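This structure is a prediction, so every number in the text was calculated from the model and none was measured.
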Amino acid sequence: MDISKLENYKENNRLEAKAAQGGLPRSVWETVSAFANTEGGIIVLGAKERKDGTLEIAGLADADKMLDDFWNAAHSPDKLSCCVMSDRDARIEDVDGKELIVIEVPRANRRLRPVYVNGNPVTGTYRRDHKGDYRCAQNEIQAMYRDASDESVDTRVHENLTVDDLSAETIGSYRRSYELHHSAHAWTDLPDEEFLCRIGAAKIGDDGKTHPTSAGLLMFGEEWRIMAEFLHYFLDYRQELGVDERWQARITSQDDSWSGNVFDFYRRVFNNMKQAINVPFRLDENSLRVDETEAHDALREALANCLTNADYNERRGVVFLWKEDGLHLSNPGGFRIGIEEAYIGGNSDPRNETMMKMFTLINIGERAGGGIPDMVKKWTEAGYGRPVLSERVNPERSSIFLPLVKESESNISSFISSPNDEISLDDDQITVLDVMKSDPTATYPEIARMTGFSESKVYRISGALREKGIIERVGSRKTGVWKVLVEPSRQ
């Protein structure tokens, strides 16, 4: 952000202003904790909020002393459990002769979370949403501690179960997929119990017997057995393409007509969702019809990403929706790395590492950190809009949106329909528009977080879309909705 133009900004999920006229505010530590445990953010000391929400520079009487006080407390474990900031993250700025302190709080590494204040994680752990800082509930704190471990959460051995408690039919389906990709591998001839141990689905317990791991139970177990170990386990797929009915098709893990496990759910959902992808007529070198495109690989990656990054201890479950505008995939639990890092790639950190391994063994998903960039590349090269990653807290959920509008229809490379067909959109405008269509209630801060753009850039882009007559905001900034006035042309 441009500090010299601070008066053009408003507080949001990544910007907090404090007047600090009576010294270093005690609430600054709650905001440090909140930013560190969410997506990071900027704290400005010496600025206050006007009635209209804009910021006013008040200045500080003794910025040097206040900055010293800040660092002395920041490095004290009695005040802050872990100082995630370095020296360059806090500085004094002079704006029109008035001194401000600018503190840039980075997103904390998951191994350092929760970052809490006053020596008590139960009462001193905060997170940030569009409403400001809030104290975390016990389940959020427990989830952060689970994620902080270097051991993948799906390696736990369930010694109350045996491999015979898993679905033999699902295991057989998985093994057939494995043999298609590893026909000459020695594992193909192993008995089921040993094969499951090799892929991480089972381990030898303290009693010397073989038992399923959490990964094996989730991937191959029966739903009722999974529910006994993961109380909030739920998988839900819905096809919602019309307004007259609630859905045209639905698959849930609680339907007792099938196993209800993750692997069978993946197969069923992919076979349904792939029908949303247009397949142009094309023949291979043997004159056989090619039935899949790069977009199919991208869909596989997106589905596997959500299923292997889900926190199955949390409520609300995995939800996949096929809507007219695109495919909406969401799972409980936040991204373990920042959204910006996920787009860049090269740093894979799945929550359920063993489950990810099991998918990659049958050529689904990517463990080298290139999964998300590869998914984005393949989806857009197939002609669709850019996939959008987003993250919410309270409750914590991660989402992937795959737009189904083709480039030729949404003017990613040309025009959007208008009275004179002369309105062109650049890539950034298209990205923001896709977010508004996928989440009409999204606020400016939320759009900034979903796209990785600065909030001021989102302001500019939304203003440009308004001027072009493409969108309007119905209602207030916080509670209103985005309305798309001009639908993409259909060629």
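Checked by atom type, the side-chain pair T252/D236 shows no donor-acceptor distance below 3.5 Å. No side-chain donor-acceptor contact under 3.5 Å links T431 and D428.
We find that R156 and E151 are not joined by a salt bridge, their nearest charged nitrogen and carboxylate oxygen being 4.0 Å or further apart.
In terms of heavy atoms, W379 sits closest to G385 at CD1-O, 3.1 Å. When all heavy atoms of N13 and P445 are compared, the pair lying nearest together is OD1-CB, 2.7 Å. Nearest heavy-atom pair, L404 versus G326, reported as atom, atom and distance to 0.1 Å: CG-CA, 3.5 Å. For the residue pair G40 and R14, the shortest heavy atom distance occurs at O-NE, 3.4 Å. The shortest heavy-atom contact between P114 and S81 is O-OG, 3.7 Å.
By the salt bridge (charged side-chain N to carboxylate O under 4.0 Å, His left out) test, K377 is found to be paired with E381, residues two or more places apart in sequence or in another chain being considered. With sequence neighbours left out, D69 forms a salt bridge (charged side-chain N to carboxylate O under 4.0 Å, His left out) with K65. Residues satisfying the side-chain contact (heavy atoms from CB on, under 4.5 Å) test with N118, not counting sequence neighbours, are K79. For D96, the salt bridge (charged side-chain N to carboxylate O under 4.0 Å, His left out) test picks out no residue, with sequence neighbours left out. Checked against ring pair (Phe, Tyr, Trp, His ring centres under 6.0 Å), F265 has the following partners two or more places apart in sequence or in another chain: F320. Among residues two or more places apart in sequence or in another chain, the ring pair (Phe, Tyr, Trp, His ring centres under 6.0 Å) test is passed with F359 by Y266. Residues passing the side-chain contact (heavy atoms from CB on, under 4.5 Å) test with N394, sequence neighbours excluded: D129, Y134, E140. Scored by the salt bridge (charged side-chain N to carboxylate O under 4.0 Å, His left out) test, R146 finds D311, E314 as partners (sequence neighbours excluded). F70 pairs by the ring pair (Phe, Tyr, Trp, His ring centres under 6.0 Å) definition with W29, not counting sequence neighbours.
Residues Y459 and I447 have side chains not in contact (no heavy-atom distance under 4.5 Å, counting atoms from C-beta outward). At least one side-chain heavy atom of N278 sits less than 4.5 Å from a side-chain heavy atom of Y384. Residues H296 and I277 are in side-chain contact: their nearest non-hydrogen atoms beyond the backbone lie under 4.5 Å apart. Side chains of Y9 and D2 form a contact here, defined as non-hydrogen atoms less than 4.5 Å apart. Between I461 and V458 there is no side-chain heavy-atom pair separated by less than 4.5 Å. Residues L15 and V44 form a side-chain contact, since some pair of their non-hydrogen atoms from C-beta on lies under 4.5 Å apart.
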Show me the donor-acceptor pairs, under 3.5 Å and distance only, between side chains in residues 330-339 and residues at least two apart or in other chains.
from	atom 1	to	atom 2	distance (Å)
S330	OG	V319	O	3.4
S330	OG	R397	NH2	2.9
R336	NE	D349	O	3.3
R336	NH1	D147	O	3.4
R336	NH1	D147	OD1	3.2
R336	NH2	D349	OD1	3.3
R336	NH2	P350	O	3.4

Which side-chain N or O atoms in residues 20-28 pair as donor and acceptor under 3.5 Å with protein atoms at least two apart or in another chain?
from	atom 1	to	atom 2	distance (Å)
Q21	NE2	A19	O	2.7
Q21	NE2	G59	O	3.0
S27	OG	K18	NZ	3.1

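For Y126 (side chain) and V117 (main-chain N/O), no donor-acceptor pair under 3.5 Å exists by modelled atom type. A donor-acceptor contact shorter than 3.5 Å is absent between the side chain of E93 and the backbone of I3. For the pair D154 (side chain) and M355 (backbone), a donor-acceptor distance under 3.5 Å is present.
No more than 12 heavy-atom neighbours from other residues, nucleotides or ligands sit within 6.0 angstrom of CZ on R315.
Ring to ring, W322 and F401 are not that close: their centroids are 6.0 angstrom or more apart.
The side chain to side chain contact (heavy atoms under 4.5 Å, CB included) test with L100 singles out one residue from L45, D94, I57, and that residue is I57. Between F234 and the choices R316, E223, Q254, the side chain to side chain contact (heavy atoms under 4.5 Å, CB included) rule is met once, by Q254.
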Margin query: Before you tell me yes or no, could you show the steps for T308 and N352 under side chain to side chain donor-acceptor pair (under 3.5 Å), namely the whole-Å CA-CA distance, both residues' side-chain angles and the distance that decides it to 0.1 Å?
Written below: CA-CA 5 Å; T308 58; N352 299 288; over 6 Å; no

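Sorted by first and then second residue, the salt bridge (charged side-chain N to carboxylate O under 4.0 Å, His left out) pairs involving residues 42-54 (not counting sequence neighbours) are E7-R50, R50-E56.
Geometrically, R386 engages Y343 in a cation-pi contact defined by less than 6.0 Å to the ring centre and at most 45° from the axis.
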